[in-house]
Structure formats: structure tokens, C-alpha cells
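All remarks here apply to the structure that follows.
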Amino acid sequence: MRPTYPSFPPPYQSSSAPIGSEAEVAVLERAEREIADFAAAGGARQLAARQQVLQSDDLFQFVAVLLPAAVAGDGLAQYQIYLALDACRTFLGLDPDTALRTNERMLGVESDLSPVERAQWEVEYQRCLGFAIEDWSFVSVALGPDQPGARNEVASVWFERSVQAGFPPALVEQALRHNLLNPAERRQRLEQAVASGNQEVFWVLFEFSYGEHPTRPSATAVAWLFVACRAGLDCRRDAAGFHTAACSPESDCPADRSALHAYWNALAPAARLRAYDEAGRIGRLLALRRYASLPFPAPVGPAVPHDPDQ
């Protein structure tokens with residue numbers, strides 16, 4: 001089970017609450033210059049696995065293209081298939097007629113969707129419709145003897161394949177779910193994942209650290225997001241999938257702001273200071289390989305008791 005954090009950044013907010021000292025003001029100004037540099041970065045930055053999924057306008061075709069590499073054992077391809085199927089889970093059991101009726105109901109005059117939700121649904125419908133109008137059983141058949149009995153479990157099996165391949169974002173995500181892993185196994189996966197330096201590992205840590213407030217991330221979550229951007233995540237203002245959602249028609253989001261800035265501005269100034277300071281501390285701990293001191297979040301999802309003898 002994944003965490004229940006908002007799918008996209010909260011609306012842009014600007015807080016005028018005072019900060020106590022000139023030194024604190026200087027830190028915040030330095031942080032905002034860094035965010036602005038991320039937002040305006042020139043040249044190509046490496047797209048994370050999920051950003052490639054977000055950028056695709058046809059996830060059925062996206063999965064079909066990835067399948068040969070995934071069958072050959074490529075952990076990245078396996079993880080992206082998992083992400084694509086998870087993004088389209090609403091459509092995996094639908095036939096074309098049911099998909100059409102569902103779309104009409106979602107967009108009809110009696111729908112209670114907000115304009116933002118309506119726009120998001122329309123994008124999801126176009127990106128995922130292929131799974132309703134095409135036979136996608138080949139994605140399950142490709143799993144061989146591991147293919148599950150239910151279609152809604154296919155994504156989970158591809159995720160486990162990615163874990164077995166040692167793909168770092170899959171390792172950290174598995175470690176942060178409630179499952180049968182014991183504490184030592186969780187720690188081993190988390191340390192292996194962060195040691196890779198993979199920028200998407202830090203994005204997953206951001207997701208799982210978000211907290212319970214629907215529109216305000218924790219300071220630790222934003223710290224992990226800073227680390228992800230510093231590690232090479234595409235944090236430009238036009239990064240695939242992120243800025244568009246952050247700057248919805250219902251938000252007050254300046255055109256020169258990135259999604260990172262939207263998360264940053266959701267924090268009170270004192271929390272921004274904590275986030276920026278913690279991002280620096282995380283960076284130092286990573287450089288020193290002192291992984292045991294990192295602020296890893298607790299597992300999310302239904303608790304699963306484990307056998308202490310395992």
C-alpha cells in the first residue's frame with residue numbers, strides 16, 4: 001500500500017509570517033534562490049521513472065514498448081510497468097462500453113467533480129483508455145508461472161520483479177510498506193537504496209514522509225525533495241507532470257514557480273527553515289555514508305505482523 005499523500009503539489013501559497021533574525025532571513029533567501037535555480041535550469045536533466053510515465057500520453061503503448069526489456073530482467077522497465085498499471089488501475093477491468101459510460105458519468109452535468117478534477121480525469125481517460133479497448137493480457141502472460149489470477153494483481157507482481165532486480169526506488173518503496181520484512185531487512189533495503197544515489201529514491205522518501213495534512217507536507221518531506229532535486233531530479237518549472245498540476249486553474253501559482261516552490265510555500269516560514277536545514281543534514285549524512293542517522297519515515301499501510309524468528 002502506498003501512502004495517502006496528495007497526488008500533486010498544493011496550490012501556491014505565500015506566507016508573510018515574520019522570521020526572527022537576519023540570519024534566518026538570509027537562509028530562507030538562499031533556499032529560494034536555489035529553488036529558483038532548479039526551476040530555471042537549462043539543458044537536459046535526467047527524467048525519473050515516474051516522470052517518464054507522467055509524460056506518456058498512451059500508457060498502453062508505453063507498457064507494450066517496455067515489455068521486452070522487463071521480461072529480460074530490466075528493473076527500471078519492470079518498475080515503470082508497475083507505475084503505469086497502477087496509474088491506470090481504474091481501467092484495467094473495464095470493457096470499451098463500460099469505459100465510455102464511466103467517462104460520460106464523470107464528465108456529465110450531474111458529476112460533482114471540480115474543474116481541476118475534471119481536467120485530471122480527462123487526462124487519465126485519454127492516457128489509460130487503451131487498457132479498456134485493447135486486450136492487455138499479454139502483460140500478465142509475460143510473467144510466466146508468476147502471473148496472478150486477478151488482473152488487479154499484475155502491477156504488484158511487476159513491482160516484486162523490480163525489487164528482485166534490485167532497482168533502488170522499488171527497494172525503498174518495498175521497505176516503507178507494511179509487509180513481512182523484519183526491521184533488519186527494511187534497514188538493509190533502505191540503506192542499499194540511498195547508497196545508489198538514485199534521485200527517485202529521494203522522491204519516494206518525500207512521498208512517504210508527506211504527513212497526514214492534505215495540503216501541507218512535513219518539513220522532512222520537503223527536505224527529501226530538496227535532496228532529490230540536488231541529486232538530479234528534474235525540478236524545473238516545466239518538469240513532466242509536476243508543474244502543470246501545481247498550477248491548476250484554481251491555484252494562484254506564478255508562471256516562474258516550480259512544483260518544488262509550491263510545496264515550499266505550503267510550509268510556514270519556521271518549517272521552511274527546518275526543511276532546508278534538514279536537507280543539508282541529509283546531504284552530509286549521505287556523503288559520510290551514515291545511513292543509520294537518516295530520517296527515514298515509518299512504514300505505511302495496514303500492519304502485517306512478522307515472525308520474529310524469520
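Using a 4.5 Å heavy-atom threshold, the side chains of Phe91 and Leu59 count as separate. For the pair Arg290/Arg284, no side-chain contact is recorded, criterion being any heavy-atom separation below 4.5 Å from C-beta on. Looking at heavy atoms from C-beta onward, Leu54 lies out of side-chain contact with Leu83 at the 4.5 angstrom threshold. Inter-residue side-chain proximity for Arg281 and Pro295 is flagged as met; some heavy-atom pair is nearer than 4.5 Å. Taking the side chain as every heavy atom from C-beta outward, Asn152 and Leu92 never approach each other to under 4.5 Å. Between Thr90 and Cys128, the closest side-chain pair of non-hydrogen atoms is not below 4.5 Å. Inter-residue side-chain proximity for Tyr79 and Asp74 is flagged as unmet; no heavy-atom pair is nearer than 4.5 Å. Side-chain contact between Phe38 and Phe226: present, with at least one pair of heavy atoms (C-beta onward) separated by less than 4.5 Å.
To the nearest 0.5 Å, the span separating CG on Leu129 from SG on Cys88 amounts to 9.5 Å. With rounding to the nearest 0.5 angstrom, the CG atom of Leu100 is 11.0 Å from the CZ atom of Arg105. To the nearest 0.5 Å, atom CG of residue Leu66 and atom CD of residue Gln52 are 8.0 Å apart. The distance from atom OH of Tyr291 to atom CG of Leu286, rounded to the nearest 0.5 Å, is 6.5 Å. Here the OG1-CG distance, from Thr102 to Asp97, works out to 10.5 Å after rounding to the nearest 0.5 Å. Atom CD1 of Ile35 is separated from atom SG of Cys229 by 8.5 Å, given to the nearest 0.5 angstrom.
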Q.
Could you go through Glu207 and Trp203, starting from their C-alpha distance and side-chain angles, then the distance that decides it, and tell me whether this counts as side-chain hydrogen bond (donor to acceptor under 3.5 Å, both in side chains)?
A. CA-CA 6 Å; Glu207 291 182 334; Trp203 171 265; 2.9 Å; yes
(Q) Between Gln188 and Gln192, is the side-chain hydrogen bond (donor to acceptor under 3.5 Å, both in side chains) condition met? List the steps. (A) CA-CA 6 Å; Gln188 185 272 332; Gln192 181 181 345; 2.9 Å; yes
(Q) What verdict does the side chain to side chain contact (heavy atoms under 4.5 Å, CB included) test give for Val154 and Trp136, after you've listed the backbone C-alpha separation in whole Å, the side-chain angles of each residue and the deciding distance to 0.1 Å? (A) CA-CA 11 Å; Val154 176; Trp136 64 276; 4.2 Å; yes
Q) What's the verdict on side chain to side chain contact (heavy atoms under 4.5 Å, CB included) for Leu267 and Arg216, showing C-alpha distance, side-chain angles and the deciding distance? A) CA-CA 6 Å; Leu267 298 177; Arg216 186 172 63 247; 4.3 Å; yes
Q. After noting the C-alpha distance and the side-chain angles of Gln126 and Asp57, does the key distance pass the side chain to side chain contact (heavy atoms under 4.5 Å, CB included) rule?
A. CA-CA 7 Å; Gln126 293 301 323; Asp57 57 7; over 6 Å; no
Q: Would you sort out whether Glu104 and Arg101 count as a salt bridge (Lys or Arg N to Asp or Glu O under 4.0 Å), showing the intermediate values?
A: CA-CA 5 Å; Glu104 291 173 345; Arg101 290 196 299 272; over 6 Å; no
**Q.** Candidate pair Ile282 and Leu294, rule side chain to side chain contact (heavy atoms under 4.5 Å, CB included), full reasoning
**A.** CA-CA 6 Å; Ile282 290 171; Leu294 290 169; 3.9 Å; yes
Q. Glu173 and Arg177: salt bridge (Lys or Arg N to Asp or Glu O under 4.0 Å), yes or no, with the steps?
A. CA-CA 7 Å; Glu173 187 170 331; Arg177 296 176 177 182; 2.8 Å; yes
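In terms of heavy atoms, Ser209 sits closest to Leu205 at OG-O, 2.7 Å. Of all non-hydrogen atoms in Leu28 and Arg272, the two that sit nearest each other are CD2-CB, 3.7 Å. Scanning both residues, Ala132 and Pro96, for their nearest heavy atoms gives O-CD, 3.2 Å. Between Ala99 and Leu94 the shortest heavy-atom distance is CA-CD1, 4.0 Å. Shown here for Ala49 and Glu200, the closest heavy-atom pair between the two residues is N-OE1, 2.7 Å. The nearest pair of heavy atoms linking Ala266 to Pro217 is CB-CD, 3.8 Å.
Following chains of ILVMFWY side-chain contacts shorter than 4.5 Å, one can reach Tyr125 starting from Leu107, so the two form part of one hydrophobic cluster. Both Leu85 and Val71 belong to a common hydrophobic cluster when Ile, Leu, Val, Met, Phe, Trp and Tyr are linked at side-chain heavy-atom distances under 4.5 angstrom. No continuous path of hydrophobic side-chain contacts links Val123 to Val53 [ILVMFWY only; heavy atoms under 4.5 Å]. Both Val27 and Val227 belong to a single network of hydrophobic side chains, linked directly or stepwise wherever heavy atoms of I, L, V, M, F, W or Y lie under 4.5 Å apart.
A donor-acceptor contact closer than 3.5 angstrom links the side chains of Glu34 and Tyr276.
In this structure a side-chain-to-backbone donor-acceptor pair under 3.5 Å is missing from Gln174 to Val163. A donor-acceptor pair under 3.5 Å is formed between the side chain of Asn265 and the backbone N or O of His261. Under the 3.5 Å distance criterion, the side-chain polar atoms of Ser196 are matched with a main-chain donor or acceptor of Ala193. Side-chain N or O atoms of Gln199 include none that pairs as donor or acceptor with a backbone N or O of Ala228 at under 3.5 Å. For the pair Glu185 (side chain) and Asn182 (backbone), a donor-acceptor distance under 3.5 Å is present.
The aromatic rings of Tyr263 and Phe206 lie perpendicular to each other, with more than 60° between the two planes, well past the 30° mark.
More than 12 heavy atoms of other shown residues, nucleotides or ligands fall within 6.0 angstrom of atom CG in Asp95.
For residues 49-68, the pairs satisfying ring pair (Phe, Tyr, Trp, His ring centres under 6.0 Å) are Phe60-Phe131, Phe60-Phe138, with sequence neighbours left out.
Here Arg274 does not pair with Asp277 in a salt bridge; the nearest charged N to carboxylate O distance is not below 4.0 Å.
Geometrically, Arg161 engages Trp158 in a cation-pi contact defined by less than 6.0 Å to the ring centre and at most 45° from the axis.
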